K.L.:
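Structure provided below as structure tokens; questions to follow.
Predicted model, so just to flag it, every value in this text is computed and none were measured. Naming: A, B, ... by sequence-line order, numbering from 1 per chain.
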Amino acid sequence: MKTLNKALVIAWKDILSETRTKEIISSVLVFSILVIVIFNFAFSGSQQTMISLAPGILWVTFAFAGVLSLNRAFIQEKDDDCLEGLMMCPVGRETIYLGKMLGSLFFMLFVEAIVLPVFALLFNVNVISLPLIAITVLTTLGFVTIGTLFSALAVNTKAREMVLPILFFPIVAPIIISAVSASGMALGGESWGSISSWLGVIAAFDVIFLVVSYFVFSFVIEE
Amino acid sequence: MDNLGYLFAAFAVIWAGLFTYILVLTQKQRQLRRDIDWLKETLKKSE
Amino acid sequence: MKIKILLGVSTVLMLVALYMVFIFAPETESGVVQRIFYFHIPLAWIAFLAFFVVFVASIMYLWKRDIKWDAFASSSAEVGLVFTTLFLLTGSIWAKPEWGVWWTWDSRLTSSLILWLIYIAYFIIRSYISEEGQRARFSSVIGIIGFIDVPIVVITIFLWRTAHPRIEAMDPRVTATLMVSIATFTALYFLLFALRLAMKQDEDKLNRLKAFLRR
């Protein structure tokens, strides 16, 4: 329990500095809405086609937004030499991972909570349903578990921002596929029964990569 | 059954791929050889 | 010495495999293209074996911190990438006469493509890091995560869609040919892997010497 408390302190630090600068949330928010608008230009069609395209558009948007915000998570720390300070704290590397992960999770969920209603409005679909919220939360958790690990890795390489997407997208492909399929079903008003197998895949991904990243994270930031 | 061409293509691709890979390896080997020679010469000069 | 034995074994096996694939194995109802599958399946199996070696060597590196394990992992990843590329290409060539298209988003095609992209990323990231220990650590992490991702990708995509032929009861001659073919490519894998590994280790030694001399 102590580890979790310490991790929450680190996450709180990120949230606090974010409330002062509003760097990540504002830019990711604007970016997400822009992506949705551009998709609307790209696929203008009838209401029926839009509904079948909606889940794909939604998850491409969130995946891109995720990369954008996860990249910032460590670049800020690195540029201001905060990572050294963080590593000198009397907490394990695993705790740093959990803290950064929870911080990013909070930012992503915050952005999604605003983007989803906007999306619903623009695409004329009903997104405020329990299955869709469950899918969003679980998939976002998957994004940040693996994204935090790779973000810490990317920031230490020469190419920095370019590294995260090329690593992140192939690895999260299974949960993007699952999230798109499950959201398609949820928007089509299907019952929990058929959605749950997809949710199971996403949850399994979350658990596996949360555990694995937790243990390998210390190898990524040791210096 | 006029699909012999495809069979031929598949095998050609496998051989071509393997040979290209081996070619790349040989090239790397040559580079290594060059480096070794360079090292030997530098060593000789320094002696 | 080891390399010479491997070379001999793979040459002999290759000749036997060619004989079996083209003469010994019976024609099936899907015609002559079906013979692609005797090379296609072993390539896939070897690619998987290669990435498994990467996975194990990556764990060993993080545990033992011996640069030798990084040489193991990266050499195997390279051979695995070559085999995956060939496997994707032969699959595509098989799909054209069989399904009428070069590519379809079938389960195994898609999962192999994702696998291929993961290991491409592995090498791109290696090229971005110049410090040896850091490169080894980072690529070990990717080698581990990438391999763990494979079963999840496969399960997901099977849920998603599949059009791939399922292997049903086979003629014993077909099975025998396939087995020999797998043995052939396994020997070939170990041959290429041993060659690459020896070269990689020399490269590392040389680089260290060079760095030492320049100082």
K.L.:
Out of A:L153, A:I177, A:T157, return the one with the most heavy atom pairs under 4.5 angstrom to chain C.
P.N.:
A:L153
K.L.:
Atom CD1 in C:I144, atom CZ in A:F219: separation rounded to 0.5 Å?
P.N.:
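Rounded to the nearest 0.5 Å, the CD1-CZ separation comes to 7.5 Å.
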K.L.:
Is A:F209 close to chain C through its backbone or its side chain, or both, or neither, when contacts mean heavy atoms under 4.5 Å?
P.N.:
side chain
K.L.:
Tell me which one of C:E131, C:Q134, C:R137 satisfies side-chain contact (heavy atoms from CB on, under 4.5 Å) with A:N156.
P.N.:
C:Q134
K.L.:
Taking all non-hydrogen atoms of both residues into account, name the closest pair between A:P170 and C:D149 and its distance.
P.N.:
O-OD2, 3.6 Å
K.L.:
Measure C:V141 against the heavy atoms of chain A and call it side chain, backbone, both or neither at under 4.5 Å.
P.N.:
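Contact with chain A is through the side chain of C:V141 alone.
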K.L.:
Given a strict heavy-atom distance threshold of 4.5 Å, which part of C:I124 is in contact with chain A: side chain, backbone, both, or neither?
P.N.:
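For C:I124, side-chain heavy atoms alone lie under 4.5 Å from chain A.
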K.L.:
For C:W103, give me all partners under ring pair (Phe, Tyr, Trp, His ring centres under 6.0 Å), at least two apart in sequence or on another chain.
P.N.:
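Applying ring pair (Phe, Tyr, Trp, His ring centres under 6.0 Å) to C:W103 gives C:W105.
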K.L.:
Below 4.5 Å from any heavy atom of chain A, which atoms of C:T110 appear? Answer side chain, backbone, both or neither.
P.N.:
neither
K.L.:
Using non-hydrogen atoms and a 4.5 Å limit, figure out which bit of A:I146 sits close to chain C: side chain, backbone, both or neither.
P.N.:
side chain
K.L.:
If you round to the nearest 0.5 Å, how far is CD1 of A:I166 from OH of C:Y128?
P.N.:
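The CD1 atom of A:I166 is 5.5 Å from OH of C:Y128, to the nearest 0.5 Å.
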K.L.:
Taking every non-hydrogen pair under 4.5 Å, which of C:L113, C:I120, C:I129, C:I118 racks up the most with chain A?
P.N.:
C:I118
K.L.:
According to the side-chain hydrogen bond (donor to acceptor under 3.5 Å, both in side chains) rule, which pairs have a member within residues 65-75 of chain C, sequence neighbours left out?
P.N.:
A:E222-C:R65, C:D70-C:R126
K.L.:
Please look at A:L149 and chain C and tell me whether the side chain, the backbone, both or neither of the residue comes under 4.5 angstrom of a heavy atom of that chain.
P.N.:
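When you check distances to chain C, only side chain atoms of A:L149 fall under 4.5 Å.
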K.L.:
What are the two closest non-hydrogen atoms of C:G146 and A:I171, and how far apart are they?
P.N.:
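So the two residues come closest at CA-CD1, 3.9 Å.
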K.L.:
What do you reckon, is CE of C:M14 surrounded by more than 12 foreign heavy atoms closer than 6.0 Å?
P.N.:
yes
K.L.:
Under a 4.5 Å cutoff for heavy-atom pairs, which residue among A:V216, A:L167, A:V201 has the most contacts with chain C?
P.N.:
A:L167
K.L.:
Is there any ring-ring contact (aromatic ring centres under 6.0 Å, His included) pair reaching into residues 126-151 of chain A, and which pairs are they, with sequence neighbours excluded?
P.N.:
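Checked against ring-ring contact (aromatic ring centres under 6.0 Å, His included) - neighbours excluded - the pairs reaching residues 126-151 of chain A are A:F143-A:F168.
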K.L.:
When only heavy atoms count and the cut-off is under 4.5 Å, which of residues 186-207 of chain C reach chain A?
P.N.:
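Heavy-atom contacts from residues 186-207 of chain C to chain A are absent.
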K.L.:
Near C:F123 CZ, under 6.0 Å, is it more than 12 heavy atoms from other residues, nucleotides or ligands?
P.N.:
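Above 12, so yes.
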K.L.:
Enter the distance from C:I145:CD1 to A:I208:CD1 here, rounded to the nearest 0.5 Å.
P.N.:
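Between atom CD1 of C:I145 and atom CD1 of A:I208 there are 11.0 Å.
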K.L.:
Roughly how far apart are C:I114 CD1 and A:F169 CZ, rounded to 0.5 Å?
P.N.:
13.0 Å
K.L.:
Go through the atoms of C:I125 and report whether side chain, backbone, both or neither lie under 4.5 Å from a heavy atom of chain A.
P.N.:
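Contact with chain A is through the side chain of C:I125 alone.
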